[in-house]
Each structure stands twice: as structure tokens, then as C-alpha cells.
Amino acid sequence: MAEAADIQGTGPSPARRWLRRTITVAVGAPLLAGLLQAPLVASPAAAAEDGTGSRTVDVSLDTLAPSTPVEGDTVTVTGTVTNKGKKAVTDATVNLRVGPRMTSRSEIEQVTGRTGFRDDSDPAPLADAPTVKIPRLGAGLSTDFSLSVPVSELGLDEEGVYQLGVSLTGQTSDRQYDRVLGIERTFLPYQPEATEKKTQVTYLWPLIASAHVSAQTATDDQQTPVFEDDALAAELRPGGRLDQMVSLGKDLPVTWVVDPDLLASVDAMANGYRVKDGDRDVPGKNQAVAERWLDALEKAVQGHKVVALPFADPDLASLAHRGRDVPGSLGHLQSATALAGMTVETVLHVQASTDFSWPADGAVDPSIVAVATSAGADKVIARSDSVRDDLPYTATAARPLGNGSTTAVVSDALLSTAFEGDMVRAENSTLAVQEFLAQSLAITLEQPEDQRSIVVAPQRMPTVAQAQSMATALEGLSGRRWTQPSDLLAAAAAKPDPDASTAVPSSSRYPKKLRDRELPVQAFRDMKTTRDELDDFKVILTQPERVVTPFGNAINREMSTSWRGEARAAAIYRNNVLDYLQTLTKGVQLVDKSDLTLSGRSATIPVTVQNKLLQGVEHLKLRLTSGNKNRLELNGERYAELPVKVGGGHSQSVKFNASANVNGQVPMTAQLYTEDGTPYGQPMNFTVRVSEITPTVMLVIAGGVLLLVLAGVRMYSQRKRVAARNAEAEAAEAVEDGRAEDEAAPESGANGPREDAPGGEESAGDEPVQPSDPTPDTGPESGDPSGPGEKVDR
């Protein structure tokens, strides 16, 4: 109207202008004064609104009991106040503040996120309630407090969730007036009478651990497993994480969700195990610890539902996003699922359900659902921050997903994540427990006329403190005034809410922080390499199960969800598995040969196969290939193959018939193959020097032999003549001696002419030595590795 008047040239009257100026001055003067004084002393309202001052003191709530009070109870709150400011706090009072009543789950979330005091939403201190006086609290100092108030004095008018705050009001030297210097809020669920419809609560109790067993086994008949380390024992000992999960869970209404690999690992420990120690392995020392834990677990699960995840809890999201395109990856999920139920029944002697798959943090997309159900499971444990319902209330967990062939059990995100983080501090645990109980009551009061079923799926591997907080929260529901316990199988079979979402979230909605922690594509390629080498290796073994089982389980462990955020440790584990497999495969190998010399037109060439394994190998072929068929051929061909079968710890010499045509060097290659023609191991190369004997050479040799024979005949004749002459000489000498005896007789006839001894003949001592038979061209057959210049057998 004023703008219209100005345009029309008819402004307000003088009296109206005077009134406007008067109001402006009256309102503006106090405001200006407040602005000018603000740097000196801030009003309590201003300090509360901007949060300054109300965080000077940290108020910690360590205990609140009972957590879900009823009429006649007395609520006791204990805690600590700590002065975090630089000035001492004086004339302080610790008060309780109760209210207002929460009307929705979102309102509870909003209160949880507040820090500083807010005068517009935080209630006044309880009138006539006990307080704690603190005359002085120095900078950096702390003091404990305890407040007890009967429920009747808390001002709880009706059932519901109430905000409960503990505040400290006091002064500091720079602001000498009372104001709230610190506050902490929690919740008080108040439901003195049982509701008509109680919410069915299914709480999953996970027994899952990281991988500890290697692919290596001892050489005994039992194949004693070898562990990478002995860290699992620390979790099994009294007070350890897994010990606490069992001792706490045995008295709680929970559904046990078990990784069969954990059971198999502890069972292996209980039956004797070994632990890697550098390049060797030593006996494990915690067999009794494992036996005790298994016995306690077997008793704890009696009467409870047990759900078995696929063996080693494979990372379904990593498999769907990174591994599905690597051939053979999905096959491991199928084998892991098939192994699950059998393992649980063998170790715990109970039947377990294998119908459920559990992606990390319950986050799903179309590819994850497809992979999760590919191995036979038709139920997926999802979470409400992934499968979201656009409803003003909490819907029943179960609902058909996608095309309806899969059932999604959608756990409640707020309840499932309530105990993540550091629960070692008493305050964190107390606040988490009270918020969990408050949220559960708020769910029931959303639609008190309808009964709903909700599921809580906590973190996979809770710490000891987290498990204790979870147990405290479940004990808080033991009164069953607004909830009643259920199990996962019943939750999955509950009637779905027709308004609940059944759409599978798109891949673009999958959280980036989860995707960044997935196993890389290279991990699945490494698994494929190990799997391929294992397939080639097992076909030659006489006892393949001794190798297939430990390595198959190890490959399953390589896919475990527990490797999230542990990329380096996961890569080391995969490398160790592959390295050990390659060590075994190299136990069957060809013994290196030196170069050979082949003299003659035909010969046998030995090649030695060595088996260092403890079991025999068969279904192998040894192929020897000539690099020059025209010079050296094998059975008339370029190559020849012979079957190989070698016992454990033995060697076998395989002999090939070879024929030479032309002199010279021939490169040879020996290679082992499986029966399907797949090369096994590395080829072995050596050279054969062919020295063929030609007809001319044969004539020369024959001539030489003839000359030797003739020389022998001549030498024999000469020896005969020499012997005859010697005999004649001896006879003549005897006659000579006879004449000497008759010296007195007449010389006529006695001194007749004497025949001289023959001259120029060889004596017996000068007889030439007869040469020995020629040395053969080749040596005896031998299966040992050949030496330098070896000649092959003919």
C-alpha cells in the first residue's frame, strides 16, 4: 500500500510517519545495545544458540540402570564430568533433564546428532530431583557423579521414548553467571505394560573369522594342516573374541550365522595342527584351547537355528563386480555352498540352513543378487539403507525381490549398525544400548495395531566390547514388553508388507566406499591361475584328493569377505598358495642330460623322470622330439611318445629307439604331457652328436682286423720255430757233455764236428704282447643322469 501511495504521489500522513519513527527507535535501541555489549558478555540464550560455552565441560554417561524402567523402579545414572576449558568452573550443578517424548524414529536420530545445549529443545532440569554440587572443577580435571531418581518423579506421562539428558550448569571467571557448560543426551524407553502387538526381532549372531589355514599339509597320512600363523588361538582363548561370542550368545535368543571354514579350522586345531615358522613348520600348541571352544559351541547352538554361509564366506559383491567375467570364478561359489552344510553337521552335529547369502553390509544391486543366488541360495540378507522403503513406518523385513524368485530379508540399518565403532568406552556402549532399545520401541509404536518382523544383521566380526554391548541390548529386551524373539528362517517366511519395496537397487547406487574395498580383478585372475595349475596337476596323481581338497579350500579362502581392506595381506596369501602348488608340481620333472654321442646306425636314448612326491604319478606321456628328422629319427618319425608311471619318491628311465642317417649334431627336446595333450612342466633340451659308420670305414676296420689276424699267425709260427731250435740245442749240449766224460778215449769219432747254435732268432723273453679285444663303442645301460660325453646304448 505504501508503494502504491508513493507511485500515486500521495504519501502517508505526518502523524503516521511520526508513529513509524517512534516504533523504529523503540525496537532498535535495545537491539543496538545488545550488539554493542555482545563482545563483553553474551547472554545465556545467545551462548546456547551458537553452541559456545555449552561444550566447555564434557559430560560422560557411563551407566544407566535399568535400561528399560517400569513403574516402581529407580533410575540411576553414573558418569564423569571433565573440564575441557582453560578456566576453572565454579558453583557447578549436575542435573537430570527428561523429555520431551519422541514421536518418531527420525526424531531419535536428530537428538543423537546434537552436541551443544539448545534451550528451545532441551527440557528444564527436573524439579525437586537430586543434584550433584561441584564447588570447583579445575581446567583439565574430572570428577564422577551419580544420580538416582524414582520413575514416579521423572514425569513420564505415557508410554514411549523419552529424551534423558545430564547437564552441568556453572560459572567461569570470564562469565560469572549460571549457564549450561556441558550436556549429554540419551534415551529412556518407557513401556510399563506389554503392547498388544509385539515386534518380532531376529538378531543374527555371526561366528566368522579371517583365514588362517594355508594350502600346505604335513607329509603324514592324516595330512595335518599347516596354519599361516597361530593368531586364531588368541580369539578362542577365554576372554578372546570368539570365546566371548559363544559365552554371550548361548543365553541369548539369536540365530547363529556361521562360516564353515572357521569350524573346519578349529576342528583341525583340535585334532593336531602345525604352524609355519619361517621356512619350516612346527607343531601347534593350542589343541586343548580349540577342543574347549568347540565343545562350548556345540552346547551353545543346541535348540537354536543355525545358518551356514558358503565355505570361507566369499565376497559376493567382489565376485559380482570384479570376478564374474573371469572364467571359473562362479564355480568356487557353488563348491563353497555345497561344502557348507556338510561341514557344520560334521563338526557341530546340527542341521544348518544353507539357503541364505549375505553380501557385505547387506548392499545389493542386480549383479550381486544374480551371483548370490547362482549357487542355490534363494534368500539374500540385504539392509534397509540399500533396499529402501518410502514408508512412514518400518516394514516387515521379508519381501520378494525383483522377479519374485528371490526373497530379500531386509535388516534394519539403524539397529544393525548400532554397535559399530569403539565400544570399549563405557559411555559409547551405554549410549548405543539406549538408542537401540529406543529405536526398537519406536518401531512397535509406529503401528501398534500391526505386528511386524524385523531383522538385525550386525557387523560380521564384532570385537569383544561390541559383542558385550550387543548382548546388553538384547538383555534389555528380555522383558518382552514390546518385542518377542524370532529366528531368521521364521523372518524369511513372514508375510511381506504389500507396500514394502521389492525393487533391486541399481548398480549406480552401490556405495563407493564399499566398492573401493572389494577384491581387485587381479585377485580372481590369480585364483584362475592356481585353479588351472591344480587341474593340470591332479590328473597325474594316484591320490588326487590329497591335493585337491586343501588347495580347493585355500582358493575359497582367497575369495573371503574378511580380506576387505586387507589388500596386501590378501595378495600375500594368494601368492603363498600358488607358490606351494608350483613347488609340488615341480616335484615331477625330467632329469637334465648332458650331450650324447651316438655311434652306429641305431641306439636307445634314455630320459629319466624323477618323482619327488609322496604319492605315485601316472597318466603321463614322455615325448622325445628330434630337431632334425633327416639326421636322427625316432621309430621312423620326428618324435616318439612313451607312457610314464613313477612311484612316490622314485625315478624311471624311459628309453627311446633312435636311428641315425647322417653325421652331425641333432638338438633333442624331451617334454612331459598329460593324457589329454597338455604340456606338463618345463621341456628339457640336449644334443645328440651322430657319428655314423660308413662302408669305407667298415672296409678299413676289416682290413685292420685281417692284418691283426695275420700278425698273430706269424707270431705263432715264429714261436713254434724258436721252440724247435731250442730243443735241438739242448740235445746237442747233452751230446757234448757225454763226450767230455770220455776224454781218455781216442779222439777219433769223439771230437766230431759240433753244430753251432742257431743265430738271429727271438728269445721267449722277447715275445711280443698280444693285443686285447677292441673296446666297445657304447657302455652299459644306466638310468642315472648321463655324464659328459655320454654314449648311448645300441
Side-chain angles (χ1 to χ4, degrees), residues 109 202-204 206 208 257 259 307 309-310 312-325 329-330 333 336-337 355-375 377-391 394-403 405-421 454-462 466 488 491-492 500-521 523-524 559-567 570:
E109 284 188 81
T202 297
Y203 206 103
L204 307 187
I208 301 172
V257 180
D259 174 10
V307 172
L309 298 174
D313 186 22
D315 191 337
L316 301 175
S318 296
L319 187 56
H321 297 156
R322 313 289 178 90
R324 188 169 59 171
D325 293 335
S329 296
L330 290 179
L333 179 59
T337 302
D355 295 335
F356 294 87
S357 59
W358 189 11
D361 288 3
V364 295
D365 62 19
S367 62
I368 294 175
V369 172
V371 166
T373 57
S374 64
D378 59 356
K379 302 175 183 66
V380 179
I381 303 172
R383 206 165 72 184
S384 61
D385 52 356
S386 180
V387 180
R388 300 179 183 180
D389 295 317
D390 188 15
L391 298 172
T394 304
T396 288
R399 76 279 307 272
L401 197 63
N403 58 13
S405 61
T406 302
T407 297
V409 182
V410 182
S411 64
D412 188 85
L414 288 175
L415 299 182
S416 297
T417 60
F419 303 104
E420 294 181 354
I454 63 172
V455 172
V456 182
Q459 57 273 33
R460 272 174 151 77
M461 291 189 284
Q466 289 170 346
L488 187 58
S501 174
T502 60
V504 180
S506 64
S507 298
S508 61
R509 285 181 51 189
Y510 190 80
K512 183 179 183 300
K513 66 177 183 178
L514 292 180
R515 194 181 294 271
D516 291 343
R517 293 166 63 86
E518 291 176 353
L519 293 171
V521 175
F524 293 95
M559 298 173 58
S560 176
T561 305
S562 65
W563 296 121
R564 282 181 169 254
E566 301 289 341

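Numbers here are sequence positions counted from 1.
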Drop me the distance from [X]'s [atom1] to [Y]'s [atom2], to the nearest 0.5 angstrom.
X    : Y    : atom1 : atom2 : result
D378 : S405 : CG    : OG    : 8.5 Å
L488 : I381 : CG    : CD1   : 5.0 Å
M559 : D313 : CE    : CG    : 10.5 Å
L333 : L316 : CG    : CG    : 6.0 Å
D361 : D385 : CG    : CG    : 8.0 Å
I208 : S560 : CD1   : OG    : 8.5 Å

Heavy-atom pair of closest approach, residues [X] and [Y]:
X    : Y    : answer
V521 : R322 : CG2-O, 3.6 Å
Q459 : F419 : NE2-O, 3.1 Å
A375 : T337 : CB-OG1, 3.4 Å
A457 : L204 : CB-CD1, 3.7 Å
A363 : S386 : CA-OG, 3.7 Å

- Any ion pair linking D389 and R399 (charged N to carboxylate O, less than 4.0 Å)? yes
- Task: Apply side-chain contact (heavy atoms from CB on, under 4.5 Å) to the pair T394 and I454, showing each step before the final yes or no.
- Result: CA-CA 8 Å; T394 304; I454 63 172; 4.1 Å; yes
- Message: Working note: S329 + R324, criterion side-chain contact (heavy atoms from CB on, under 4.5 Å); need CA distance, chi angles, decisive distance, verdict.
- Response: CA-CA 6 Å; S329 296; R324 188 169 59 171; over 6 Å; no
- Query: Can you name the side-chain hydrogen bond (donor to acceptor under 3.5 Å, both in side chains) partners of D365, sequence neighbours left out?
  - Reply: H321, S367
- Aromatic W563 / basic R517 pairing, under 6.0 angstrom, 45° off normal: no
- Message: Assess, by modelled atom type and distance only, whether the side chains of E420 and Q466 contain a donor and an acceptor separated by less than 3.5 Å.
- Response: no
- Item | Set of residues satisfying ring pair (Phe, Tyr, Trp, His ring centres under 6.0 Å) with respect to F356, sequence neighbours excluded | none
- Query: So does D516 have more than 12 non-hydrogen atoms from other groups sitting under 6.0 Å from CG?
  - Reply: yes
With a 4.5 Å cut-off on side-chain heavy atoms, are [Y] and [X] touching?
X    : Y    : answer
P366 : S507 : yes
P458 : P206 : yes
P505 : V387 : yes
V410 : V455 : no

- Member of V371, D315, T561, V380 meeting the side chain to side chain contact (heavy atoms under 4.5 Å, CB included) criterion with P359: V380
- Under 3.5 Å donor-acceptor, S318 side chain and L519 backbone: yes
